[in-house]
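Read through the structure below, which is laid out as structure tokens, and then see the notes.
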Amino acid sequence: MERTLAILLPWWPADRAIRSLRRRAAWPHEGEGPPLLLIGRTRGSRLVMACCRQAWGLGVRPGDGLAMSRDRCSGQATEVAFDPLADARALSAFAGWCLCYGPAAAVERSPGPHAVCVDVSGCHAVHGGWPSLLRRVHADMARLRLQATAAVAVGAAACLVAAAQHPWQVMEGHGDWLDQAPIEALRLQPEVPTALAEVGVRTIGQMRRLGARALADRLGHGPWHRLQLASGLVVERVTCVVPDGPLRCGLQFDGPTSRPEAVRQAVQSCLQRLVHRLRRRCLGSLHLRVHLRRVSAEPTRLAWRLARPSRGARHLWRLMQPDLERVHLGHDPSEGVEWVEVASLRHVSMGLGQASLLHGAVEDPGPSWAEWIDRMRQRLGAAGLRVPHAQPDPDESRAWSTRPMTQVGAAAPAPSPPSECLLPLRPTVRVAPPRAIHVACDARRRPVQVRLPGGMQPVQAAEGPERVEGAWWRGEHGTHDRWRVLAGGTWWWLRRHDAAWWLEGAWT
Amino acid sequence: MIGFVELGCMSNFSFQEGASHADELFDRAAELGMTALGVCDRDTVSGLVRALEASRGSGVRLVAGARLRFDAPVPGATPVEVLLWPFELAGWANLCRLITDGHRRGERALGSLQVRGGGLMAAVVPPPGVALAEQWFLEVVEGLARVFGDRLSLVLCRHGLADEGLRLRQVLALCAHAGVAPLATNLPRYHRASRRELADVLTAVREGRPVEACGAALAPNHEAHLRSEQAMRALFDVAPQAIDRSVQVAERCRGFDLAQVRWRYPADVAPPGVRAIEHLRQLVGAGAAERWPAGVPAAVAARLEHELDLIQELRYEPYFLTVHEIVAFARGRGILCQGRGAAANSAVCFCLGITAVDPDRMDTLFERFISRERDEPPDIDVDFEHERREEVIQWIYRRWGRHHAALTAEVIRWRGRSAVRDVGKALGLSQDAVERLARRAELDQPAQGELEARVLCMAVQLEGFPRHLSQHVGGFVMSHARLDEIVPVRPATMADRTIIEWDKDDLEAMGLLKVDVLALGMLTCIRKCLDLVNEARADPAAPALAFHAIPSEDPATYDMACRADTVGVFQIESRAQMSMLPRLKPRRFYDLVVQVAIVRPGPIQGDMVHPYLRRRAGLEPISYPDPRIERVLGRTLGVPLFQEQAMSLAVVAAGFTPGEADQLRRSIAAWKRRGNQLAQYGERLEAGMVANGYSRPFAQQVFTQIQGFSGYGFPESHAASFALLAYASAWLKRHHPAAFAAALLNSQPMGFYAPAQLVRDAREHGVEVRPIDANFSAWHCTLEPRGVGGFADPPTLRLGLCLVRGLSQAEGERVAAVRGPVQAAGGGSSPREGVACGPWRSVEALWRAAGASAAAMRALARADAFGSMGLDRAQALWQAQRLREADMPLFEQAAPQPESVEPRAELPPVQAAERTLHDYRHTGLSLRGHPVRFLRDRLARAGARPCAAVQAAHECPDGSRVRVAGVVLLRQKPGTAKGTVFITLEDESGPVNLIVRPKVWRRFRVQVRGAHALLAHGRVQRRDGVTQLLVTRLRPIDHLLDAGGQVVREFR
């Protein structure tokens, strides 16, 4: 018989954030912990976008200003950034995990609290009956420290109502319990319950009594259809799909093996298949994982995060190879690897590349630059790699800054020099880092001689000083002068700081 | 040639660019040994009057000018900036016209300099980023050289930028090529290099982004500051003639001084052939005859003669005639108006009908208005109905022409909070951090951390800087000559209004007169009330009630005031005033004058209130040192309550002249800013009084009381003007409560009370209030006859559609216009032609007839305005929800459609409490009862008493502990109360006043700050018939009472 399990997660963003904090040991493992506020920014104001149950109890509501919410929590709240995309991704992963309850699971998309529906039709025998299934879900949620309610009923719409109104119960049929539930439990667009509440209609039963025609005239066909679905009067086409999750390719050995070549070959084989699947779906991987299952030892997990999406087999293999070679496979057969899995845990669309257009005749270019970046990133960590970023600023030292690798796409174009100068304002060759240089000055502190590789050279022409002050808002208060100096037939770019001179570039 | 004059200086009136006050610039210039300083703000001369004052203080001559931006002749090229300095009066007129034209057109062509270049010295600033050898720029310089000849210069400037040496050589080459003299200037933005940080913050404010993100918009260094001659000569060693040129230009500009700008009042205020003073005397004579039909009292006649002589001597007669003309126009259009402020001291103003304070009844002091010694222009403020003031303003523009009349400017400055906010944003703080810091700064709490300290430090520097120009509330300047040749005129943000670039202080300094055309909501209310009273006359043939015909000294009105029954009455309706009324017990007009004036920070801080009340109650003897003092203070029982009395005391007891006494008054007003001056006057006052035989302690006591006026206080004349309106409104409330309530509701927003309290008060005064109904209500609240017999019985009040939230006036009037014949008695609006009239029986029928939007019908349904159709709120809304705009094309509106019939929906019943809450939510009031009524049982179980029980002494004696609950009507935290919060709660039995001491407020602030309903624990306090609850605990009860629609008025 058709049955659906609905799991409602009303505090999902907060629960996810707390799990993340716990992993970083930034949240107590036992007890409730402080109130948690998830903060977003809207038009320059920082607002509470979600909060935990405890903060809710103190009067915090999504949409409140941060200052007021801090006040309500007596300044004790922990604040983290609200990330709805990460929430959605995690929910999708959670739905995939829920496949342990039934053959199909999906994230519920209708308006309302986060929820997952699992099609558990015919699974009661597997779980030892529906109450047993609910007990298992309850235990799992407690173990995962997720605040959730769940119910089993006929049809997803009815089941979501049941999970909200009659948690941890198995609801048979579509009787009074449904009629007495509030309209909000139907998860309609928010304006529908509001409009009906204005005329005093608050429960599903009262809504049903208004009739299809009257409702459709005022609110469109959606609400009545949803009601029909919940009531089982319209057959609900279960469109539950396995959510987008990791792509996995695995290989089982005939028996445990400790031979590195065998493991490497197996991984390469899995990687080839994975790349094929990625290419077929026009995806590029951002997060790869190799899982080596042992017979009696702890499994080995290796993971790589990529700076940019890739599906180049050679590139990915070069990334994996050094780590794989360092894995100690043991000598005892019982420590050997019995199963290999290569998974892409996170991937994004890459579109069609030139290689794809050639029907796989040529492998993706896999530029060595990308490989190098990935290696560096692996060694230095995500924060260790930065790229230069140009910004319009009169101070050359401020004109270039660096940004984390992840923000490369947002780099602003470099400023173009004014066109009227005989010389470009900035040198064509930069000396980095600047080199100390000896300069002789006249009484007005204008350069008259410069020590170049051939010895002291007289200054034939000098333009300056260009005076640049430090960025006081960053606590930099010094002043330095820049000169363009013609000596030895070349224009040099010199900087004077106090009495010291530095060579910073040249026009060639 | 020796010397250097910086000619291109910017003051902080180059809004969000210049980083120094004018006096800072001039003081620095004096330090650097300059003999003159040129101030050229960008596209404005609004800072020049201050610069002139600063120059007088420092001894450095002002070279007035402006830095104007002209469109480049080549599309897309950088605009060309020209510094302009007038060297004769005609040049100033041209400069003003150039600025005016630029503001009016939004652009300024270089060609305009050909027409308006006369009398001006000019210097072209080479645009940054432009190759100076470009042909178009060469042509610009050559063209300007043809117009200006030797009066043109080319600016040489060194700010330590890249390529500056090259550009310097190019400019010099260009000068040689075009035969133009180079002029050295540093174009300073600030007086000292240390102001660079503030200048960067101003740049960030202008750019609307943090300093860190401003990039190239910021100056790279601090070179744009005032420099000495020596420093400039070192910088421009290759062109010493450019330094000499600055001295030449400054010398040439000696021919013009800003003080030469002459202004004359419009002369066409008297009939042809009649001198202004004769015309004024005629009008005053006629007015006096009308005011005193039995003959002008001798004292008044003498005063009139004295005033007219002084007016003639000081040549102010056109000013009085102008104001008279404006007032006459308003009266002719039926617009209520009344003069206030110092003008009420003038008997001439009374005779001209400008003010309404009878000099025969009040002992006013003319010198407070005009003084020979002071030789400052008089200031007449006239209030008009706030809804019709625009008619008067536009008439003034038409009457004198836009070239001769404009509004005064108002300089909007950075104040503490806004300065912290803008600096914080510029330094990259988030909005909530900025708000928190601004609050902390207001409370004088120390900064936490280096960044906050830097923000606060820079905010202090920024405080007082002008931010932008706005328009004055109503100050008009009229001129005989073209106004835009005296001062630039620019369009205001509001449509059809123009403003000059000077504010009221500038006008005063330059000797320009202004007329204040102000707006007052109570005048609108009184006019509407009089209209309603006259419409609802039982006998239409009876004479109409007019404002001036309101009977004076009506005992019933004073009885009502003594009971503090003054909700809605002008000026005496606030909680503080209502607490004072039972103590002061006004029984005559002058008592009302005192009542209006006494509840002000000045008298309170001067500790004058309690001595006055004690003397009035006979608890303290009234004594005067001598009869002269008695004459001055007699009417206020020996306590100086008004500024005029302080002045008179100084004259009578210390030998001040009236003009000196007025200087004393000004020092009092500026005491907190300029304490020394008042101390000097204090010594003089004390010495004078002792010399005249008064004891030193008495002299010191008088001076202490006078110091109290440094807080905000009313002059007697002003209080008298307001007291007149207070009396009139109280009389209307007492004798025509329905019309008064309707007028108050129709004039919202105004006053202290929300519609719910006004309606409740009207019902308590026996007015029958009828609900909003789509078949009966007009847009405004109206009066309806109680029965079929017309207005023989007291009328009833029908609430108007204006109270329906979410309904626009256009939609509401459309609905009201299709009302059927049943409404003819109350309204008089005619139905639309070709459209069937009601009374309508369904929402859809009315919708089709009115052609209103479905949203409007839903708003009406939410307001429960379909009662006469037999539809309650839910059923009406259910019908309205079915209406769709798309179903109603234009042709369907024209032809009546058969109504589509739908069976009555089976909607659940609505609880009474919920109905009340919906009323509040959608109309702001309910005729069904108070929302707290539905919680009474629950509140009683919690030990809460009704508010009325707290008011009753036999139920809750003084000192007893009680609990009360109610919705929050008012929440005040006055600056003078040292942190005490005053809250007024209301339940179904009435209001109760709470006093929350700072300690208690701090404890419960977080919980109750946003609460709409509260449960308060406290001790009853009774003083002089006033009952208040001294709160010990507070608890929000919003969860019990969903008071989402309740209006809570917040005042700080």
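The figures that follow rest on heavy atoms only: side chains count, while hydrogens, waters and symmetry mates do not. On a predicted model such as this, the values are computed, not experimentally measured, just so you know. First the proteins, then the strands, lettered A, B, ... as listed; each starts at 1.
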- [ ] In sequence, state the C-alpha distance, the side-chain angles, and the governing distance for A/Arg474 and B/Glu450, and then conclude on salt bridge (charged side-chain N to carboxylate O under 4.0 Å, His left out).
- [x] CA-CA 11 Å; A/Arg474 289 203 292 255; B/Glu450 195 186 334; over 6 Å; no
Open item on the list: Give me the atom names and distance for the closest heavy-atom approach of B/Pro908 to A/Gly200.
Closed with: CG-O, 2.9 Å
- [ ] Give, as side chain, backbone, both or neither, the part of B/Ala234 having an atom under 4.5 angstrom from any heavy atom of chain A.
- [x] backbone
Task: Atom group of A/Leu58 that falls short of 4.5 Å from chain B, counting heavy atoms - done: neither
Task: Validation row: B/Asp237, A/Arg444 side chains within 4.5 angstrom (heavy atoms) - done: yes
Task: Proximal component of A/Glu463, with respect to chain B [non-hydrogen, under 4.5 Å] - done: side chain
- [ ] State, yes or no, whether a side-chain contact exists between A/Glu469 and B/His222 at a heavy-atom distance under 4.5 Å.
- [x] yes
Task: Per-residue contact mode, B/Glu223 against chain A (heavy atom under 4.5 angstrom) - done: side chain
Task: Enclosure of B/Trp1001 CH2 (heavy-atom neighbours >12, cutoff 6.0 Å) - done: yes
- [ ] Return the option, out of A/Gly464, A/Gly211, A/Ala67, A/Ala195, with the maximum number of heavy-atom pairs under 4.5 Å with chain B.
- [x] A/Ala195
TODO: Count the heavy atoms belonging to other residues, nucleotides or ligands that lie under 6.0 Å from CZ of B/Arg915, then report whether that count exceeds 12.
DONE: yes
Open item on the list: As an exercise, state the distance from CG of B/Asp163 to CD of A/Glu466, rounded to the nearest 0.5 Å.
Closed with: 8.5 Å
TODO: Kindly indicate whether the side chain of B/Leu907, heavy atoms from C-beta on, has any atom under 4.5 Å from the side chain of A/Val201.
DONE: yes
Task: pair B/Arg1005-A/Asp71: side-chain heavy atoms closer than 4.5 Å - done: yes
Open item on the list: If I measure from the heavy atoms of chain A, does B/Leu161 come under 4.5 Å with its side chain, its backbone, both, or neither?
Closed with: backbone
Task: B/Gln881 vs A/Glu198 side-chain heavy atoms within contact, under 4.5 Å - done: yes
Task: Residue pair B/Val211 / A/Trp473: nearest heavy atoms and the distance that separates them - done: CG1-CE3, 3.3 Å
Task: Which portion of B/Arg858 sits near chain A, non-hydrogen atoms under 4.5 angstrom - done: neither
Open item on the list: Would you say CD of A/Gln460 has more than 12 non-hydrogen atoms from neighbouring residues, nucleotides or ligands within 6.0 angstrom?
Closed with: yes
- [ ] Identify which part of B/Arg169 has an atom lying under 4.5 Å from any heavy atom of chain A, answering side chain, backbone, both or neither.
- [x] side chain
Open item on the list: Using side-chain heavy atoms (C-beta onward) and a distance below 4.5 Å, is B/Glu197 in contact with A/His477?
Closed with: yes
Task: Enclosure of A/Arg61 CZ (heavy-atom neighbours >12, cutoff 6.0 Å) - done: yes
Task: Which atoms of B/Glu914 approach chain A - backbone, side chain, both or neither, heavy atom under 4.5 Å - done: side chain
TODO: Find out whether B/Arg454 and A/Trp472 are in side-chain contact, i.e. whether some heavy atom of one side chain is under 4.5 Å from a heavy atom of the other.
DONE: yes
Task: Straight-line distance of A/Asp217 CG to B/Trp878 CH2, nearest 0.5 Å - done: 8.5 Å
